[in-house]
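Keep in mind that this is a model prediction, so the values were computed, not measured. Note that ligands are numbered from 1 as they come in the structure, with each ligand's atoms numbered from 1 the same way.
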Amino acid sequence: MSEVVDRFLRYIKIDTESARESDTFPSTLKQLDLAQLLRDELLELGLEDVTLDAHGYVMATLPANIEKSLPVVGFLAHMDTSPDMSGLNVNPQFIENYDGSDIVLNDKKNIVLSPEQFPDLKKYIGETLITTDGNTLLGADDKAGIAQIMTAMATLIAHPEIKHGKIRVGFTPDEEVGHGVDHFDVEKFGADFAYTLDGGEVGELQYENFNAATAYLVVHGRNVHPGKAKNKMLNAILIAMEFNDLLPVFERPEFTDGYEGFNHIFLINGTVEETRVEYIIRDHDREKFAAKKAMMVKAAAFINEKYGSNTVKLTITDSYYNMKEMVEPHPEIMAAALAAYEALGIKPIYEPIRGGTDGSRLSYMGLPTPNLFTGGHYAHGKYEFIPVFALEKGVDVIVKIAELLAK
Ligand SMILES: [Zn+2]
């Protein structure tokens, strides 16, 4: 078995599911089990400045093996797995020489990974796939990335003839619950730029993500006994619905893709007296993002005009921004990744991320960080799988980027 597969299997055995509601950081302390293992393995490999800090971040340095002033490049992956599905007792299955038919993940529970529902499978006829047994997620998101980075460091150490500058490695907790870089010390990491290995199929190369905001709407109604309500009652539920009706119908997630942004109502909780509504607002384009926020402000103003000031209170908070603005001023970052893909015969797939990554926040914290593929598919659930060759390709890309940056 190749080293990267070996590592991958070792890391997915450790349950690192993060938690949305938590009083600790990391959100689940079991993530530290993997952090400690990685720290030990990095030390064993011979990396320097190996640290595991109080928040669970693991960092290490592979020193340059060439006398030349070069940028410091970082490689990052996250240790936690999604709380959407258990990551305890992951029991991987190997499907060798996949023939394109249904894969029975779990006979007893009748769980089938079928190319009818998951057409990407068809791309991997003849390949070896690693799947789940239907009871857990696989954890390729993002332990594939960790295994790739670790194996790439081992490869560079084993091959001193490959010249490279200083490399920093970082493993982060709590990405899946949106807190992956809350305590990330960019200065201590000390890289000029970095790449996350957290993408999907081979070839993915992402440097654009949404601009994102959350909108909280509180509607203050006026509850009166319904039998005596005429000309007195203000029904907060109905006013919330009216507010929602003022937003463009076709700017909803179910009607948008590619570069189209949206408003998404995801929570409504209310009574006649008071109703709370929450939305997320997303758009890749800064101006369209601003326009979507302005539309909500206008709708709130209209409602207040109609029913009296302070009927609704709207609060919009920005969450993260499109990393493109931070990555594009440094064309060498994308150029190195592209050159590595090209040298390895990998066709780049640019898809704007319809979400955010740790990299989007890091990019605004001073560390421009686009996202590379890991090769995994259908993350966060029992249908997650990864082809073995894809795991290996990820290693090649890291090694090649390091090599090309030193040229
Ligand atoms: Zn991930």
Side-chain angles (χ1 to χ4, degrees), residues 4 7-8 11-12 14-20 26-28 30-31 34-35 38 56-58 74-87 90 92 120 130-132 136-152 169-184 194-210 212 282 319-320 323 337 349 351-363 367 369-387 390-391 393-395 397-398:
V4 66
R7 286 186 182 278
F8 178 64
Y11 304 151
I12 61 175
I14 301 171
D15 176 24
T16 56
E17 181 179 337
S18 48
R20 292 196 177 88
S27 64
T28 54
K30 60 191 173 185
Q31 293 179 61
L34 179 57
L38 293 170
Y57 293 90
V58 178
F75 294 99
L76 297 162
H78 65 87
M79 296 182 285
D80 64 318
T81 58
S82 167
D84 292 343
M85 182 104 202
S86 171
V90 173
D120 284 339
I130 309 175
T131 72
T132 74
T136 64
L137 47 66
L138 181 63
D141 178 9
D142 190 22
K143 287 160 185 168
I146 296 176
Q148 287 159 337
I149 293 170
M150 292 294 286
T151 309
V169 165
F171 301 122
T172 58
D174 281 346
E175 190 269 353
E176 298 290 2
V177 291
H179 297 290
V181 298
D182 284 8
H183 301 280
F184 188 90
Y195 303 91
T196 44
L197 279 102
D198 196 17
E201 77 173 287
V202 171
E204 278 190 7
L205 181 55
Q206 299 162 319
Y207 71 109
E208 294 178 80
N209 59 273
F210 275 146
R282 299 288 186 265
S319 315
Y320 55 82
M323 70 165 90
I349 305 168
E351 282 245 322
I353 304 170
R354 292 180 62 77
T357 65
D358 275 354
S360 40
R361 279 176 67 202
L362 286 172
S363 294
L367 183 68
T369 307
N371 190 32
L372 308 175
F373 68 85
T374 60
H377 283 264
Y378 309 125
H380 299 193
K382 54 183 178 275
Y383 299 106
E384 189 179 12
F385 76 90
I386 189 165
L391 261 176
K393 280 270 186 236
V395 179
V397 165
I398 298 168

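The aromatic rings of Tyr57 and Phe184 sit perpendicular to each other, their planes meeting at more than 60°, with 30° as the lower class boundary.
Here Asp141 meets the criterion, with an N, O or S atom under 2.8 Å of the Zn ion (ligand 1). At least one N/O/S atom of Asp198, from backbone or side chain, sits under 2.8 Å from the Zn ion (ligand 1).
Judged purely by atom type and a 3.5 angstrom limit, Lys143 has no side-chain atom pairing as donor or acceptor with the backbone of Thr81.
The N, O or S atom of His78 with the smallest distance to the Zn ion (ligand 1) is NE2.
In this structure, OH in Tyr195 is found 11.0 Å from CD1 in Ile398, a value given to the nearest 0.5 Å.
Between the side chains of His78 and Asp141, at least one donor-acceptor pair of N or O atoms lies under 3.5 Å.
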